[in-house]
Amino acid sequence: MNKIYMARWIKPDFEAGEAACEFIRNFHAAKPVKRAVLTVSALGVYAARVNGEKVSYVLAPGWTSYRRRVQYQEYDVTHLMGENNSISITAAPGWRMRYAALKGEGCADWNTDELSSTEYAVIAALEVTYTDGTGDTLLTDGDWSARETQWRACNIYNGDVYDASYDTEDKTHSVKVLSHTRSILVPQEGEIICEHERLKPTEVIHTPKGETVLDFGQNMTGYVELSLSVPAGEKIVIDHAEVLDREGNFYTENLRSAEERIVFVGDGNRHLWKPEFTFYGFRYIRLTEWHGEVNPDDFTAVVVHSDIERTGDFECSDARINQLYHNIIWGQKSNFLDVPTDCPQRDERLGWTGDAQVFARCAAYNFNVDRFFHKWLSDMTLDQRHTGAIPHVIPNIGWASPSAGWADACVIIPWQMYLLYGDRELLRRQYVTIKRWIDYQYEMGDDYIRSGRHYGDWLAHDADVSQCNGATSKWYLGYAYRAYTTKLFVKISKILGAEDSELADYETKIEETKKRIYTDYYENSMLNIKPLTQTGLVIALYFGLCPDGTEAAHAEKLVQMIHENDDRLTTGFLGTPYLLHVLTDYGYPELAYTLLFQDKMPSWLFSVDHGATTMWEHWDGVRDDGTMWSESMNSFNHYAYGAVGDWLYGAAAGIDTDEEHPGFEHVIFRPVVTDRLTYLKASVKTKYGTVASEWKHVNGKTEYTFTVPAGISATAYLNGEAYELAGGTHTLTV
Ligand code: BGC
């Protein structure tokens, strides 16, 4: 057992507030060291150093349902050990800040008698083995001390205040030992967070307001590394923003209460400095207060995200679609920061379940996110309410009532991980959570569906957008998701070995739910979902809810509605991910491409044409006249609509999974070709090797090239014919 379980949680014995504080202890190695391992965790975030060398990951220990568990990290520090060693762990509140302002149901979860939500604590163990086989252990306890630091404030939303002139010499305090449980400690389960790309400014802009703004050319999550020399006692101030406004001025309204500001007070020396306990969502920085020349070389934007491996690639002959794909990838990079978040910039940055649910399949093509979701789904299980309800955000920060399409993440995400990675173990592990959620929906019945706090087809354009919920009936969506997730539950149960007889009850429930939909939401004929919306039809078709034999007519109606809307979509968070799939599956692939190529709002290319480098939250984040959709809820880095990427891989390039042989154990190729492109190609790295698909037009025909990893097989469906392919590269001209 790791010795950290024998250490004690310690916090500073003074009011540290948002300032970071350094917990320190010296360690004398009595003999030559063979191996030394430092294990650390925090309620908050920490940076650990041995003899001045930083050993910890970015923003460790990550964000979990703190009340129930917190990860610890182990670092091999053998190479850093000498005879006399200083062990230092600097900590700050990190994500705990988020709980400070909240008062909702479940908030009691975050405060203990000993630790309020703004405070932080650390725990650590250094285990040393000497060359003679004996050993020593250093544990956090009352003998450690807590030194004030030059990090005067670290707030993940508001930013950093760093005072290089702050004298910490005589600012060492004792620590307070907490009785807080150690049983919440678990080894690192998720991917670690790392630094990735380093971007230089592409332009120094002098805005109409006379501000100096640096553009890094890419919206991102991370921080700026600065090389700077500020006179003693003087300060510089840097602000962060995602966009410029219509006039070309720095625009921060959409951050809401998040200040995203760096204040650095100088000591007259040159520093290479970067934030360590916070992160920022930005593309631009404003030198709000600055000293001396502005040299772009002194600024580097450092991109941070979970260390997920890139597995997918996509390219086609159209530059704008390629830019859309780029924006999808960067939307994911920006929001896969230990927890799948809605956005990385405003005062939210939460693990919204609905957003993660709609994007999970695309995410799993782009990067290997199996381990990432394993960790987050563990927290979902821990945060599931005793009733079976799944909160809106995970880790839960106190909003417990579930919403259709959001709570269903607990079924849909494990299912997608099963399809993309063949992860049967995850299904098994999440099974109880899934079943409790399914049972909750029936136990609560109409109480859940009719009185739940549903978000509906969030941000759809078929209703007054200021209402945000779209026109599709929230209750209809409630029944539809109930039927769909019960269907998935039945499939999952069978995969895990349940007998048909054990599931008969659930099959009946699916039929009853469908009947309920027909009675309540079909006006007169079986073809009119009321209110009739694109999303209503898409969901009915994708979830298999149409009365038997009416599917084609439903699809025709959808097509008609799209045409009547000038070949534009009106769908929101719930309808959009399935829209192009439904059109393709029901015989309208060209219309799917029409929507993909549409550039009038609402459309994917609208944001591309307006210079987006990540996915926008709203179809019209910035309008044609340059005004903003709204000042309050307008993120330019929200991955939800990026779910269309799964259509690019799975339909346009046609690399699909086979439910019977998940994880690409058998590959399906079913590309959708169009004359609007001269070529299109995609590849996905699977556990069997790389699967690739490419098509191009050659002399009036289409030439397909498929790569199948050795040892597995594939079936390509081309113009109604099935071609069986073995491992290797195959070129077919049809
Ligand atoms: C978030 C969303 C989320 C929604 C709930 C918003 O504030 O940013 O992405 O899903 O609330 O409807």
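One-based numbering, in listed order, for ligands and for the atoms of each. Remember, predicted model here, so these are calculated numbers, not experimental data.
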A.B. asks: Under 3.5 Å between some N or O of ligand 1 and some N or O of Arg256?
C.D. replies: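 For ligand 1, there is no N or O atom that lies under 3.5 Å from one belonging to Arg256.
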A.B. asks: Within the 4.0 Å heavy-atom shell around Arg346, which atoms of ligand 1 are there?
C.D. replies: 1 (C), 6 (C), 7 (O), 8 (O)
A.B. asks: I need the nearest protein heavy-atom contact for atom 11 (O) of ligand 1: residue, atom name and distance, please.
C.D. replies: Trp352 CZ2, 3.6 Å
A.B. asks: What residues, two or more places apart in sequence or in another chain, satisfy side chain to side chain donor-acceptor pair (under 3.5 Å) together with Thr533?
C.D. replies: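 Scan of Thr533 (side chain to side chain donor-acceptor pair (under 3.5 Å), adjacent residues dropped) gives Thr472.
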A.B. asks: Are Lys530 and Tyr521 in a cation-pi contact, defined as NZ or CZ under 6.0 Å from the six-membered ring centre and within 45° of the axis?
C.D. replies: no
A.B. asks: Can you name the atoms of ligand 1, numbered from 1 with element, that are less than 4.0 Å from a heavy atom of Glu617?
C.D. replies: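 Contacts of ligand 1 toward Glu617, numbered from 1: 8 (O).
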A.B. asks: If we ignore angles and hydrogens, is there a donor and acceptor under 3.5 Å between the side chains of Gln218 and Arg283?
C.D. replies: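 No, no side-chain donor-acceptor pair sits under 3.5 Å.
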A.B. asks: Would the Tyr431 and Phe489 ring centres measure less than 6.0 Å apart?
C.D. replies: yes
A.B. asks: At the 4.0 Å heavy-atom cut-off, does His392 count as touching ligand 1?
C.D. replies: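 The answer is no, since His392 has no heavy atom less than 4.0 Å from ligand 1.
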A.B. asks: Just to verify, what does Asp379 make a side chain to side chain donor-acceptor pair (under 3.5 Å) with, not counting sequence neighbours?
C.D. replies: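 Arg69.
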A.B. asks: Just by distance, no angles: are the side chains of Gln416 and Arg361 close enough, under 3.5 Å, to form a donor-acceptor pair?
C.D. replies: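 Yes, a side-chain donor-acceptor pair sits under 3.5 Å.
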A.B. asks: Using atom types as modelled and distance alone, determine if a side-chain donor or acceptor of Trp629 lies under 3.5 Å from a backbone N or O of His618.
C.D. replies: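 Judged by distance alone, no pair lies under 3.5 Å.
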A.B. asks: For atom 10 (O) of ligand 1, which of Asp342, Asn335, Asp355, Asp347 has the closest heavy atom?
C.D. replies: Asp355
A.B. asks: Closer than 4.0 Å to some heavy atom of Phe573 - which atoms of ligand 1 meet that?
C.D. replies: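 Contacts of ligand 1 toward Phe573, numbered from 1: 9 (O).
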A.B. asks: Using a strict 4.0 Å cut-off to heavy atoms of Trp406, name the atoms of ligand 1 that fall inside it.
C.D. replies: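 So the atoms of ligand 1 that pass are 5 (C), 10 (O), 12 (O).
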A.B. asks: Counting each atom of ligand 1 from 1 as listed, which ones have a heavy atom of Glu348 under 4.0 Å away?
C.D. replies: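 It comes down to these atoms of ligand 1: 1 (C), 6 (C), 7 (O), 8 (O), 11 (O).
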